[in-house]
Undergrad: 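Right, I'll just put the structure down here and ask away after.
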Amino acid sequence: MTRLIKTALLLICLGWQTIAVAADSGWLTSPQNDHARVRLQGDFSHPAQSRLLLEVELGSGWKSYWRSPGQGGIAPQILWQGQEPTQVQWHWPTPQRFEVAGLSTQGYQGDVRFPMTLSAPTGSTLSGILRLSTCSNVCILTDFPFQLALGEAAPAGFDFAYAQAMSKLPQSMASDIRLEAGYGANELQLIAERPQGWQQPAIFLDGQAEAEFGEPKLQVEGQRLLARIPVSDGWQGNAPDLKGRLQGVLLVDGEQAWQGETPISAPLALPAAGPDSGHSLLWLVGIALLGGLILNLMPCVLPVLALKLGSVLQLETRERRPIRLQFLAASAGILVSFWALALMSTLLRATQGAVGWGIQFQSLWFIGFMVVVTLLFCANLLGLFEFRLPSRLNTRLATTGDNSLGGHFLQGSFATLLATPCSAPFLGTAVAFALGAPLAQLWLIFTALGLGMSLPWLAIAAWPRLALWLPKPGPWMGRLRIVLGLMMLGSSLWLLSLLSAHLGTLTTGWLMAAVLLILLVAIGWRHGMRGVTLTLALSTLIGGALLLGGALTAPNSPQRETVQWQPLSESALQRALADNKRVFIDVTADWCVTCKANKYNVLLRDEVQSALSAPDVVALRGDWTRPNDSLAAFLRARGAVAVPFNQIYGPGLPKGEVLSPLLDKADLLTTLHKAGLIKAGTTRF
């Protein structure tokens with residue numbers, strides 16, 4: 001009897017011990033896996049709203065996986081035994097991205113906790129097997145059997161541990177985040193726009209049936225995060241068409257994370273990839289230097305170079321020091337002006353304004369200011385007035401060798417302002433990156449552009465002998481000043497013509513006539529009828545030479561456009577692509593000198609007009625002469641910040657191909673032909 005009582009007491013004690021630990025599996029290990037241990041704890045006091053906490057601890061260098069492991073690995077899962085719970089919901093902490101055997105995977109390194117909610121079954125126990133995949137140099141799939149008693153309260157400290165695990169979960173997608181997805185040519189494209197911008201972004205994707213996602217290529221453009229994700233079927237073949245499906249997305253920025261879904265539509269028009277796709281910052285600085293240097297060859301800067309030439313010719317002593325100081329001052333003016341452009345871009349970004357190269361020419365007041373400045377330079381060169389300084393200041397400048405360095409500084413600044421309507425090769429790449437890059441890199445790129453444009457000026461400052469080779473002063477200088485003044489007058493009239501978009505053609509025509517009349521009257525008053533006659537003769541001679549040169553070098557162009565241009569919009573582009581059309585995009589502006597050169601040298605050629613008029617070609621044109629938010633958004637979506645902008649789409653080029661700012665007829669026709677070819681393995685949209 002005593003023995004029976006002792007046995008009963010022992011069983012009671014063991015029963016109480018089981019109850020005390022029934023909702024806690026304790027740390028589970030496996031002899032086949034000595035680097036991992038797991039633990040499950042539960043709170044089943046409310047069966048319909050039970051909670052379960054899975055803790056995983058891994059040795060150094062070992063990793064486990066997220067709900068969508070990526071290109072390798074297996075997500076942890078529970079294989080329930082006996083009576084299964086219902087409404088089981090795993091909650092997944094924010095993962096990391098890492099490579100295992102050259103594959104891009106998504107998961108966790110080290111310790112991690114997975115909170116779950118479920119509806120517990122009826123019965124006394126909850127049994128199952130936790131199947132966990134862990135990887136280091138090798139991957140191991142381990143089963144951990146467990147059993148938990150139901151109907152019991154949570155172990156001590158469970159509430160705190162569960163709440164802590166829940167606090168580390170991603171939030172639902174924020175209402176101020178705009179998410180868009182598109183798919184085409186085995187690539188998923190994502191755009192995530194957030195008012196606060198992106199500092200340390202990352203993207204994790206839920207898997208799709210029969211599709212495998214590679215590592216996302218990210219690019220930040222102000223408030224927008226752009227992502228390209230390669231898609232395959234796991235065997236490097238063509239993935240299934242994802243359009244119309246819902247895509248689960250987890251967005252991360254530093255310590256913040258949001259998860260949600262977005263429908264997948266037709267391909268998005270993303271800009272050319274930035275430095276993350278392989279171009280280093282040093283490479284982009286070199287591109288900026290080259291782009292700035294080429295600006296000196298553009299017709300926009302020619303009048304200011306003429307001014308600089310005239311200033312050197314007026315030096316009587318031809319000493320090296322004054323020449324060096326002049327060109328250093330002009331170089332400083334160029335550099336400071338590029339810094340001013342960088343400051344303007346910084347302020348526009350801070351106020352969510354549109355940024356772009358040359359957009360100041362969309363302003364009526366800026367064009368008017370430039371007209372006044374160029375007319376003053378013109379009047380000075382024609383001898384209508386002289387800039388005279390006080391005698392004391394003149395004496396000081398003469399004794400210090402300064403020779404009015406402020407004027408040369410302004411010449412450099414003026415050269416930069418006149419250069420902005422021109423989009424030179426390499427310039428667009430550098431500026432597009434700068435306007436979407438962090439502020440420190442933006443200022444670095446604009447500094448490189450300024451140094452690039454200053455290189456010829458700095459070369460003369462370093463070797464003044466280059467300027468000393470010019471002829472000595474003489475009577476011929478007066479006639480040269482008139483030629484230079486007429487060149488500047490041409491710039492003034494061109495700037496005046498830009499006012500027609502704001503004031504109308506008739507008003508602008510009367511303004512031009514008034515400017516020319518006032519100028520002739522002033523020349524007659526200053527130099528007499530002989531000066532007027534000489535000015536008219538030189539104007540006729542220069543104008544005739546320009547017309548003759550244009551006639552000899554101009555291509556055989558039709559008198560008018562034969563292409564039926566349609567207004568440019570994103571919807572018009574998508575409609576044309578849906579109809580399997582080839583699409584030629586032209587974004588231009590009246591103030592864009594390069595656009596005019598492209599029009600008369602390439603776009604109006606018979607071969608190009610015929611190609612753009614083909615039945616399967618849709619020609620879309622946008623006019624950026626005045627501010628246009630939709631056009632600015634269209635350009636920004638393609639990483640462009642300047643005009644001209646030309647791009648060709650088609651069945652053979654579903655993602656589009658951007659042409660050089662200086663169009664080439666052969667390149668345009670070749671790309672247009674390529675756009676109509678359907679490559680093997682390419683899906684038509």
Side-chain angles (χ1 to χ4, degrees), residues 16-29 36-58 62-69 75-96 106-134 142-174 204 206 248 250 252 255-260:
W16 279 107
Q17 183 179 2
T18 302
I19 292 174
V21 296
D24 188 344
S25 70
W27 286 106
L28 305 177
T29 60
R37 64 175 188 165
V38 301
R39 180 182 185 181
L40 291 100
Q41 294 179 313
D43 175 13
F44 305 108
S45 56
H46 303 284
Q49 298 178 345
S50 298
R51 298 177 296 165
L52 192 64
L53 182 64
L54 167 61
E55 297 181 75
V56 177
E57 288 189 358
L58 300 179
W62 288 87
K63 307 172 182 68
S64 57
Y65 293 96
W66 190 48
R67 62 176 179 244
S68 292
Q77 60 177 320
I78 293 179
L79 307 176
W80 301 104
Q81 298 176 333
Q83 289 185 312
E84 297 185 11
T86 59
Q87 300 178 355
V88 180
Q89 183 177 4
W90 285 65
H91 298 287
W92 301 85
T94 302
Q96 299 171 284
Q106 304 174 147
Y108 310 95
Q109 187 166 11
D111 303 341
V112 61
R113 290 176 175 177
F114 301 95
M116 303 178 217
T117 57
L118 52 90
S119 179
T122 59
S124 59
T125 60
L126 182 65
S127 301
I129 296 174
L130 171 66
R131 181 160 291 171
L132 182 68
S133 175
T134 55
T142 310
D143 285 347
F144 297 92
F146 68 90
Q147 190 175 62
L148 300 172
L150 298 174
E152 300 300 333
F158 174 85
D159 289 337
F160 176 77
Y162 190 89
Q164 189 178 43
M166 290 293 291
S167 69
K168 295 184 179 181
L169 299 180
Q171 307 172 40
S172 298
M173 192 63 66
F204 302 92
D206 284 317
L250 174 60
V252 180
E255 298 297 322
Q256 296 178 290
W258 308 267
Q259 58 185 351

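Note that these values count all heavy atoms, side chains included, but never hydrogens, waters or copies made by symmetry.
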Undergrad: Report the residues that fulfil side chain to side chain contact (heavy atoms under 4.5 Å, CB included) with S45, sequence neighbours left out, ordered by chain and then residue number.
TA: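 Result, side chain to side chain contact (heavy atoms under 4.5 Å, CB included) vs S45: D43.
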Undergrad: For L58 and S64, which heavy atoms make the closest approach, and how far apart are they?
TA: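 Minimum heavy-atom separation between L58 and S64: CD1-N, 3.7 Å.
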Undergrad: Do the side chains of Q81 and I129 get nearer than 4.5 Å, heavy atoms only?
TA: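 Touching, per the 4.5 Å side-chain cut-off.
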Undergrad: Can you tell me how far the OG atom of S25 sits from the CZ atom of R39, to the nearest 0.5 Å?
TA: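 CZ of R39 is found 7.5 Å from OG of S25.
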Undergrad: Start with the C-alpha distance between Y108 and V56, add both sets of side-chain angles, then the distance that settles side chain to side chain contact (heavy atoms under 4.5 Å, CB included), and finish with yes or no.
TA: CA-CA 10 Å; Y108 310 95; V56 177; over 6 Å; no
Undergrad: Distance from H46 atom NE2 to R51 atom CZ, nearest 0.5 Å?
TA: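 Those atoms lie 8.0 Å apart.
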Undergrad: L130 versus L28: any side-chain heavy-atom pair under 4.5 Å?
TA: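 A side-chain contact is absent here, since even the closest heavy-atom pair is not under 4.5 Å.
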Undergrad: For L150 and P121, which heavy atoms make the closest approach, and how far apart are they?
TA: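 Residues L150 and P121, closest heavy atoms: CD1-O, 3.3 Å.
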Undergrad: Are Q259 and T94 close enough that some pair of their side-chain heavy atoms sits under 4.5 Å apart?
TA: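 Not in contact.
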Undergrad: For a 4.5 angstrom cut-off between non-hydrogen side-chain atoms, does L126 reach F44?
TA: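 Yes, close enough: below the 4.5 Å cut-off.
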Undergrad: Could you tell me whether the side chain of L169 reaches within less than 4.5 Å of the side chain of P93, counting heavy atoms only?
TA: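 The answer is yes; the side chains approach within 4.5 Å.
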Undergrad: Can you tell me how far NE2 of H91 sits from CZ of R67, rounded to the nearest 0.5 angstrom?
TA: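 R67 atom CZ to H91 atom NE2 measures 11.0 Å (nearest 0.5 Å).
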Undergrad: What's the spacing between W258 CH2 and M173 CE if we round to 0.5 Å?
TA: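 If we round to the nearest 0.5 Å, W258:CH2 and M173:CE are 8.5 Å apart.
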Undergrad: Report the distance from atom CD of Q96 to atom CZ of F204, rounding to the nearest 0.5 Å.
TA: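 Q96 atom CD to F204 atom CZ measures 7.5 Å (nearest 0.5 Å).
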Undergrad: Roughly how far, to the nearest 0.5 Å, is the CD atom of E84 from the CG atom of L118?
TA: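 With rounding to 0.5 Å, CG (L118) is 12.0 Å from CD (E84).
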Undergrad: Nearest heavy-atom pair of V252 and A257: which atoms, and what distance?
TA: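 So the minimum-distance heavy-atom pair works out to CG2-CB, 4.1 Å.
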Undergrad: If you take all heavy atoms of G42 and L52, which pair is closest and at what distance?
TA: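 Taking G42 first and L52 second, the nearest heavy atoms are CA-CD1, 4.0 Å.
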Undergrad: Is the shortest side-chain heavy-atom distance between W92 and W90 below 4.5 Å?
TA: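 In contact.
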Undergrad: Are D24 and F158 packed together at the side-chain level, in the sense that at least one heavy-atom pair is separated by less than 4.5 angstrom?
TA: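 No; the side chains remain at least 4.5 Å from each other.
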Undergrad: Take Q164 and R113 through the test side chain to side chain contact (heavy atoms under 4.5 Å, CB included) and record every step on the way to the result.
TA: CA-CA 9 Å; Q164 189 178 43; R113 290 176 175 177; 3.1 Å; yes
Undergrad: Would you sort out whether Q41 and E55 count as a side chain to side chain contact (heavy atoms under 4.5 Å, CB included), showing the intermediate values?
TA: CA-CA 8 Å; Q41 294 179 313; E55 297 181 75; 3.7 Å; yes
Undergrad: Take I78 and L40 through the test side chain to side chain contact (heavy atoms under 4.5 Å, CB included) and record every step on the way to the result.
TA: CA-CA 11 Å; I78 293 179; L40 291 100; 4.3 Å; yes
Undergrad: Would you say that T117 contacts Q87 through its side chain, given a criterion of any heavy-atom pair below 4.5 Å between the two side chains?
TA: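 The answer is no, as the side chains (C-beta and beyond) never meet within the 4.5 Å cut-off.
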Undergrad: How far apart are the closest heavy atoms of M116 and Y162, and which atoms are they?
TA: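 Here M116 and Y162 meet closest at O-OH, 3.0 Å.
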Undergrad: Could you report the tightest heavy-atom contact between A161 and L53, atom names first, then the distance?
TA: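 Minimum heavy-atom separation between A161 and L53: CB-CD2, 3.8 Å.
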